[in-house]
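Working notes, structure below.
Heavy-atom basis, side chains included; hydrogens, waters and symmetry copies ignored. Here is how names work: the chains are called A, B, and so on, in the same order as the sequence lines, proteins then strands, and each is numbered from 1.
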Amino acid sequence: MQPITNKAYKLLHNGCIALSQVEANGIRIDVDYLNRTIAETTAKVKNLLDKLKTDKIYKMWKKIYGQDANIGSREQLGNILFNHMGYESVALTDTGRHKTDKNALDILDVPFVRNFLEIERLKKANSTYLKGVLKEVVDGYLHPVFNLHLVQTFRSSSDSPNFQNIPIRNPDTAKLIRPAFISRDNHQLVEIDYSGLEVHTAAWYHKDPVMLKYLFNKKEDEYGNPLKDMHRDMARQCFMLPREELYWKEDKKDAKRIKDIRYCGKNMFVFPEFYGDYYIDCATALWNAIGTMKLTTRNGVSIYDHLVGKGVFKLGLCNPDKKPCKGTFEKHIQNVEDNFWNNRFTAYNRWRKNWYYQYKERGWFDNLTGFRFRGDFKRNEVVNYPVQSCAFHCLLWSLIRLQKLLKKYNMKSLIIGQIHDSIVADVYKKELQNYLELCHQIMIDDIKKHWKWIITPISIEAEVSPVGGDWLQKEKTAIHN
DNA sequence: GCCATCGGCGCG
DNA sequence: AAAGCGCGCCGATGGC
């Protein structure tokens, strides 16, 4: 660890103390729910496995492996599928085995494999989360560890159990795990997170005028859509959709359609590009998403067919050694990428190059919060670490101050966890409004006085569970100040 | 029985 | 030219 300023040292010092208090506070756990759900899930897995074992493919599996057949072995599954059944291997691992991750198996579109993946999802939920949480519970409370000194990027990590990767993206898995995390009597769970913090943080370094425009313009149209929305704009470009297709919502179904398309633009193009990925990976992910997420135009036309109308007929080879061909999605995304860096975010692009060049000259680089990175880093690491660390340090500073003020005002509310850009607290019901206002004051106003390089209008979002409720039930709430 | 490694997957 | 970053935890595997 190399904090090179007094402020940086203090952040680390106070952060350790604050997080140790968070650990001591702990999270209330519904132990009965866990025991019940583990039993149910174990039974369900066993049931599904019995069913799966009647499939022809498993019978072949059994014939080949005999006594050693293990339905939990992906290596065996890969052998059966790709060496014995003649399916085409999607990719190889570093050590030359067939890839058998969800992405590779989804492409095969085989019922046996689909059921296998569904069982794997439940097994993961059961072993890592339901049982993993239960074994760490002490007197009805969980005390996850938060580390500040382990992580390359000067972020934090969490273990025993890891509080920072509790399922939320898959609704079925979230529904299984999150009800176990409950509030104290007369309390409610409140999670407050910075919106798009890493995008803001990157902008504090590169100050790209096009990006700043996106970040400053918070105006909305009559449908509540932000007038300027980078992710939606890029989704439009990637799928070659006209403006109207993503700018108003006819009904709930249409709103979901727009949300899905925007999600793809954000997580399969914009973020991967920011983190140093490139068009081949983006094109592949986006192309697969059209199928798995069943993306359509407003009139219900599949995006595949829509693209054909625009002269894009197939994904393309996606071979890094070969130039993409005309009429392929790969070629199109290559153009979008080129436009993204060389016409749209030119200042950002320039910053990336200069930043890396300077590191190569000096052998080190500093982040905005006063930490020095020394060592042998790859280009993407040099560009990403200062952003990742600084964003987290904003959250850490807020957490330290929040805890200090909660104590000063003799409030009963307790901070119980932290997830990189969010703070989770168990808030006494009579303090809810106070708590939300306090967070707004600290996380938006006070922090700007502490660090003058915060030059964009950062914002926060609050999610609140009912009094006596659980972590699955959190819902977005407006913050008044 | 212990330990390290790998592939996989959960989160930001 | 190179081609996402950071974590922790699980089961399978294989060496000792």
Per Lys135(A) side chain, nearest of listed nucleotides dC10(C), dC5(C), dC9(C): dC10(C)
Neighbour count >12 (heavy atoms, 6.0 Å) for atom NZ, Lys314(A): no
Lys/Arg cation over aromatic Trp341(A): Arg350(A), 6.0 Å, 45° cone: no
Spacing of Lys131(A) atom NZ and Leu134(A) atom CG [to the nearest 0.5 Å]: 10.0 Å
Spacing between Leu130(A) atom CG and dC9(C) atom C1', to the nearest angstrom: 14 Å
Residues, nucleotides or ligands: over 12 heavy atoms within 6.0 Å of Asp139(A) CG: no
Sugar-phosphate only, base, or nothing, as touched by Asn70(A) at under 4.0 Å among non-hydrogen atoms: sugar-phosphate
Sugar-phosphate only, base, or nothing, as touched by Ser158(A) at under 4.0 Å among non-hydrogen atoms: sugar-phosphate
Inter-residue atom distance Tyr33(A).OH - Leu176(A).CG, 0.5 Å rounding: 5.0 Å
Presence of Thr100(A) side-chain N/O under 4.0 Å of dG8(B) phosphate oxygens OP1/OP2: yes
Atom pairs and distances, side-chain donor-acceptor, residues 283-291 of chain A, under 3.5 Å, sequence neighbours left out:
residue   : atom : partner   : partner atom : Å
Thr284(A) : OG1  : Ile280(A) : O            : 2.7
Asn288(A) : ND2  : Thr284(A) : O            : 3.4

Distance, C1' atom - from dA3(C) to dG8(B), rounded to whole angstrom: 22 Å
Counterpart residues, side-chain hydrogen bond (donor to acceptor under 3.5 Å, both in side chains), relative to Lys51(A) (two or more places apart): none
Option from Trp453(A), Trp351(A), Phe365(A) for which ring-ring contact (aromatic ring centres under 6.0 Å, His included) with Tyr205(A) holds: Trp351(A)
Spacing of Asp101(A) atom CG relative to dG7(B) atom C1', expressed in whole Å: 9 Å
Lys131(A) vs dC10(C): side-chain N/O to OP1/OP2 distance below 4.0 Å: no
Interatomic distance, Arg352(A) CZ vs dC5(C) P [rounded to whole Å]: 13 Å
Strand contacts (DNA chain C) in residues 277-291 of chain A, 4.0 angstrom heavy-atom criterion: Asp277(A), Tyr278(A), Asp281(A)
Distance in angstrom units between Asn267(A) CG and dC5(C) P, rounded: 16 Å
dG8(C) phosphate, OP1 or OP2, under 4.0 Å from Ser157(A) side-chain N/O: yes
Side-chain polar contacts of residues 17-28 of chain A - donor-acceptor pairs under 3.5 angstrom, sequence neighbours left out - could you list them?
residue  : atom : partner   : partner atom : Å
Ser20(A) : OG   : Ile17(A)  : O            : 2.7
Gln21(A) : NE2  : Asn25(A)  : OD1          : 3.1
Glu23(A) : OE2  : Phe146(A) : N            : 2.8
Asn25(A) : ND2  : Ile415(A) : O            : 2.9
Arg28(A) : NH1  : Ser183(A) : O            : 3.2
Arg28(A) : NH1  : Asp185(A) : OD1          : 3.0

Nearest listed nucleotide, side chain of Gln152(A), among dG8(B), dG11(C), dC7(C): dC7(C)
Residue Asp159(A), side-chain heavy atoms: nucleotide from dC7(C), dA3(C), dC9(C) that is nearest: dC9(C)
Nucleotide pairing, DNA chain C (Watson-Crick or G-U, distances under 3.5 Å), in dot-bracket with [ ] and |: ....||||||||||||
Phe269(A)/Phe340(A) aromatic ring centres below 6.0 Å: yes
Arg97(A) CZ to dA12(C) P, straight-line distance once rounded to whole Å: 13 Å
Atom-to-atom span, CG of Leu117(A) to P of dG8(B) - whole angstrom: 11 Å
Selection from dC7(C), dA12(C), dG8(B) that lies nearest to any side-chain heavy atom of Ser73(A): dA12(C)
Grab the N/O contacts between the protein and nucleotides 10-12 of chain B below 3.5 Å, and write none if there aren't any.
residue : atom : partner   : partner atom : Å
dG10(B) : O4'  : Tyr129(A) : OH           : 3.3
dG10(B) : N2   : Asn165(A) : ND2          : 3.0
dG10(B) : N3   : Asn165(A) : ND2          : 2.8
dC11(B) : OP1  : Ile168(A) : N            : 2.7
dC11(B) : OP1  : Arg169(A) : N            : 2.6
dG12(B) : OP2  : Arg169(A) : NE           : 3.4
dG12(B) : O3'  : Asp421(A) : OD1          : 2.8
dG12(B) : O3'  : Asp421(A) : OD2          : 3.4
dG12(B) : N7   : Arg169(A) : NH2          : 3.1
dG12(B) : N2   : Arg155(A) : NH1          : 3.3
dG12(B) : N2   : Gln388(A) : NE2          : 3.2
dG12(B) : N3   : Arg155(A) : NH1          : 3.3
dG12(B) : N3   : Arg155(A) : NH2          : 3.3

Whole angstrom value for the distance that separates C1' of dA3(C) from CH2 of Trp341(A): 13 Å
Closest to side chain of Thr93(A), choosing from dG7(B), dC5(C), dC7(C): dG7(B)
Rounded distance (Å) that lies between atom C1' of dG7(B) and atom CG of Leu77(A): 13 Å
Separation between OG of Ser160(A) and NE2 of His143(A), rounded to the nearest 0.5 Å: 12.5 Å
Stacked cation flag Arg362(A) on Trp364(A), 6.0 angstrom / 45 deg: yes
Aromatic ring proximity, centroids under 6.0 angstrom, Phe163(A) and Trp471(A): yes
